[in-house]
Amino acid sequence: MSPSPPYHGPAVRRAVPLLALGALVAPALALAAPPAQAAETLLSQGRPATASSQEGDGYAPSAAVDGNLTGTRWASRWSDPQWFQVDLGQRSDLSRVVLTWEGAYGRSYRIQASDDGTDWRTLKMVTGGDGGTDELAVTGSGRYVRMLGTERSGGYGYSLWEFQVYGSTDGTPPATGAVEVTGSQGNWQLTVGGQPYTVKGLTWGPAIADAPKYLPDVKSMGVNTIRTWGTDGGTKPLLDSAAANGLKVVNGFWLQPGGGPGSGGCVNYVTDTTYKNTMLTEFTKWVETYRNHPATLMWNVGNESVLGLQNCYSGAELEAQRNAYTGFVNDVAKKIHSIDPDHPVTSTDAWTGAWPYYQRNAPDLDLYSMNSYGDICGVREDWEQGGYTKPYLITEGGPAGEWEVPDDANGVPDEPTDVQKAEGYTKAWNCVTGHRGVALGATLFHYGTEHDFGGIWFNLLPDGLKRLSYYAVKRAYTATAGNDNTPPVVSALAVSPASSAPAGGEFTVRADVRDPDGDPITYKIFLSGNYANGDKRLVEASWRSTGNGTFAVRAPEKLGVWKVYLQAEDGRGNAGIETKSVKVVAPPVTGTNVALNKPTTASSFQPSYGDCPCEPAKATDGRADTRWASDWSDPQWIQVDLGSATPVRKLQLVWDPAYAKSYEVHISDNGTAWRTIYSTTTGNGDIDTIDVAATARHVRLHLTARGTGWGYSLHEFGIYG
């Protein structure tokens, strides 16, 4: 990920239908058996079979390839579309498919073949089916054969006594073995063991120990590849689990100063040979370890470092560093190729402006890789305009990121809705598949479960709850919506007052929430202080329902812009989550702030630290974005001269994070003799509103115990008469 705009070219929207029903033309249903072929063999019996759904435990897909024509059957759920597929184990020449229907048959369906289980070719289209036995002559080849049902005959699902695939095989083994980028300029493809392979992937987020738990679900989405950012001694269990689920892995190697959180460090690629030699030795060790692992697809050296170097250098030195970095990437690529000639090497960045450096300095890369979010089609435009001679892989992509969206009325990035995010994944995949022969696929971002600020923005299943984006990726990769129960859809989310919610008071959240499956909905409301205090966690708010999709939510005590999240769950593992910002302000106090712009003095102040100077007068200037800050010691004081004896009935203290745990309020008529009118030893920061009843010219806070390791800091010291 990157905090900077990833592309210099404009976005180009290119829509590629996932399944253009009217565009597939095939012969009509053949009712007569084709001529016998001497080499024809029943290929499907006893082979692994899967399906989009099954009606119950007794109707598993395996029952339709067990050779029992009348005793066992597969049956789907009662909806369209559905599919049934069989893995023949190796690519085969296909001659005939025989479907023996139970009473619940397909009126319209397709017979399709695939080499990898993800990219499908239609061999036969059937309309007007009448059940019984359909014996279909087909021409084509593939390892996988499926029936994609688009229209049922009645109210039930699809049900097959037997699904038989006939043909011949030349003994070619399954698509395993060497991975290559083959083809020529603008007509490339990735192959595995000589078979075409389009990367339909996701970036991997859960702990490696949880791979056995989550990877079957990843596989069920039509995913064939996962991407990691680091490869080391702990990677093997993930590779093993991936292989067990028929998945490949883009094995990443991290180099400073990579993009996104945790990048760290500013390496000098021109002079720091120690760092480069250390990394080269480290990477070499793991290439030697995992080069023969069946899950290894390719090696990915670095992540967003060409862009990230701008945070370390500028001017001519930045140019020198970028050239040196990409030259080092080439050294790594050459070393990997010398150890492992059977897997490609790539390098990821977040800015197509990095590609000229790779083109100039890294000729040994087999392909480029790009992290892109809201402007994936812009990658194609930049590739075409740049005259590049290598294909590319999208290694992160999906909805628009924080750095790509406009700010809302509160000055923070306006997060897309769940619907917009789902559309972002669909658009991303259409952009990838639209650049045929150049874009070799994508690992979209992100199969993660974190339920925090970033997790809600990007994860397909935060806290294990599947969102609209999860199903959008599944539809993109499987070309069918299946029979999934999908999440509630939240729309028209609004917060009021959005820019003036009183700290500790209530504000209103309103939304229209609908569940497409009619499931009962339960709600949760969370708050994130990411923009207020840097805390990315989601904390459940105190709230109450006021009916008709409206909720009263208690605002935090801490001032600043917060994110509020409405989470609607359907009880079936799905959630719709929408978010808006809310600006928390000091609660209004009736009356006049008699301290405003009055002479203010203090025991000390910070002359220069962060946003300082932080003079005492900044606590009485009426502005929430300025502050007084003291030295980092006890005790301290700040006082205001009201000019004459003035009735005082209320104080409002707006603390910076550096607050007072213990303090007293003193008043005086002459500025020398003080009397105490309030004291506390349990201050917790945020805002203190204190009722008093006094008349005085001078008001002082006597601060005796800090709540943090810093000093004392007040945005406002309000005194109301």
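No experiment lies behind these values; they were computed from the predicted model shown. All values below were derived from every heavy atom in this structure, side-chain atoms included, with hydrogens, water molecules and symmetry-related copies excluded.
- Taking the six-membered ring for Trp and thresholds of 30 and 60 degrees, W355 and Y392 have ring planes inclined between 30 and 60 degrees apart.
- Under the salt bridge (charged side-chain N to carboxylate O under 4.0 Å, His left out) criterion, R360 pairs with no residue, sequence neighbours left out.
- Checked against the 6.0 Å centroid threshold, W383 and H435 count as a close aromatic pair.
- More than 12 heavy atoms of other residues, nucleotides or ligands shown are found within 6.0 angstrom of CZ on R121.
- With hydrogens and angles left out, the side-chain atoms of T348 and N300 include a donor and acceptor closer than 3.5 Å.
- Remark: Q85 pairs with no residue by the side chain to side chain donor-acceptor pair (under 3.5 Å) rule, at least two apart or across chains.
- Applying the side chain to side chain donor-acceptor pair (under 3.5 Å) test to S76 and every residue at least two apart in sequence or in another chain returns nothing.
- A side-chain donor from one of Y358 and S347 sits under 3.5 Å from a side-chain acceptor of the other.
- Looking at E396 and Y373, their side chains do bring a donor and an acceptor atom within 3.5 Å of each other.
- Residues satisfying the side chain to side chain donor-acceptor pair (under 3.5 Å) criterion with D119, sequence neighbours excluded, are T198, K200.
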### Task
List the steps, then state whether side chain to side chain contact (heavy atoms under 4.5 Å, CB included) holds for N459 with T449.
CA-CA 6 Å; N459 284 347; T449 60; 5.6 Å; no

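- Heavy atoms of other residues, nucleotides or ligands lying less than 6.0 angstrom from CZ of R47 number more than 12.
- Ring planes of Y368 and Y388: perpendicular class, angle over 60° (limits at 30 and 60°).
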### Derivation of the side chain to side chain contact (heavy atoms under 4.5 Å, CB included) call for F283 and I336
CA-CA 8 Å; F283 299 164; I336 291 175; 5.5 Å; no

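- Side chain of H343 to main chain of T296: a donor-acceptor pair is present (N/O by atom type, distance under 3.5 Å, no hydrogens or angles).
- Among pairs with a residue in residues 278-289, those fulfilling salt bridge (charged side-chain N to carboxylate O under 4.0 Å, His left out) read E282-K285, at least two apart in sequence or across chains.
- Side-chain atoms of D66 and T72 form a donor-acceptor pair, as typed in the model, at a separation below 3.5 Å.
- Defined by atom type and a distance below 3.5 Å, a donor-acceptor pair is present between the side-chain atoms of Y471 and N574.
- Aromatic ring centres of F253 and W286: separated by at least 6.0 Å.
- With hydrogens and angles ignored, the 3.5 Å screen pairs no side-chain donor or acceptor of S369 with any backbone N or O of T346.
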Only distances under 3.5 Å count here; give the side-chain donor-acceptor pairs of residues 239-247 to other protein atoms, sequence neighbours excluded, each with its distance to 0.1 Å.
residue: D240; atom: OD1; partner: K236; partner atom: NZ; Å: 3.4
residue: D240; atom: OD1; partner: H293; partner atom: NE2; Å: 2.6
residue: D240; atom: OD2; partner: K236; partner atom: NZ; Å: 2.7
residue: S241; atom: OG; partner: P237; partner atom: O; Å: 3.1
residue: N245; atom: ND2; partner: S241; partner atom: O; Å: 2.8

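- For residues 53-63, every residue pair satisfying the side-chain hydrogen bond (donor to acceptor under 3.5 Å, both in side chains) rule, not counting sequence neighbours, is listed here: S53-Q82.
- Between W351 and Y357, the ring planes are tilted. Angles from 30° to 60° get that label.
- D217 is linked by a salt bridge (charged side-chain N to carboxylate O under 4.0 Å, His left out) to K466, counting only residues two or more places apart in sequence or in another chain.
- Every side chain to side chain donor-acceptor pair (under 3.5 Å) that R146 has, sequence neighbours left out, goes to Q112.
- In this structure, the salt bridge (charged side-chain N to carboxylate O under 4.0 Å, His left out) partners of R73, at least two apart in sequence or on a different chain, are E102.
- At least one donor-acceptor pair under 3.5 Å links the side chain of D375 to the backbone N or O of G378.
- Screening residues 331-350 for salt bridge (charged side-chain N to carboxylate O under 4.0 Å, His left out), with sequence neighbours left out, gives no hits.
- Every pair tested for salt bridge (charged side-chain N to carboxylate O under 4.0 Å, His left out) that includes a residue from residues 178-189 fails, sequence neighbours excluded, so the list is empty.
- With values rounded to the nearest 0.5 angstrom, Y425 atom OH is found 10.0 Å from I376 atom CD1.
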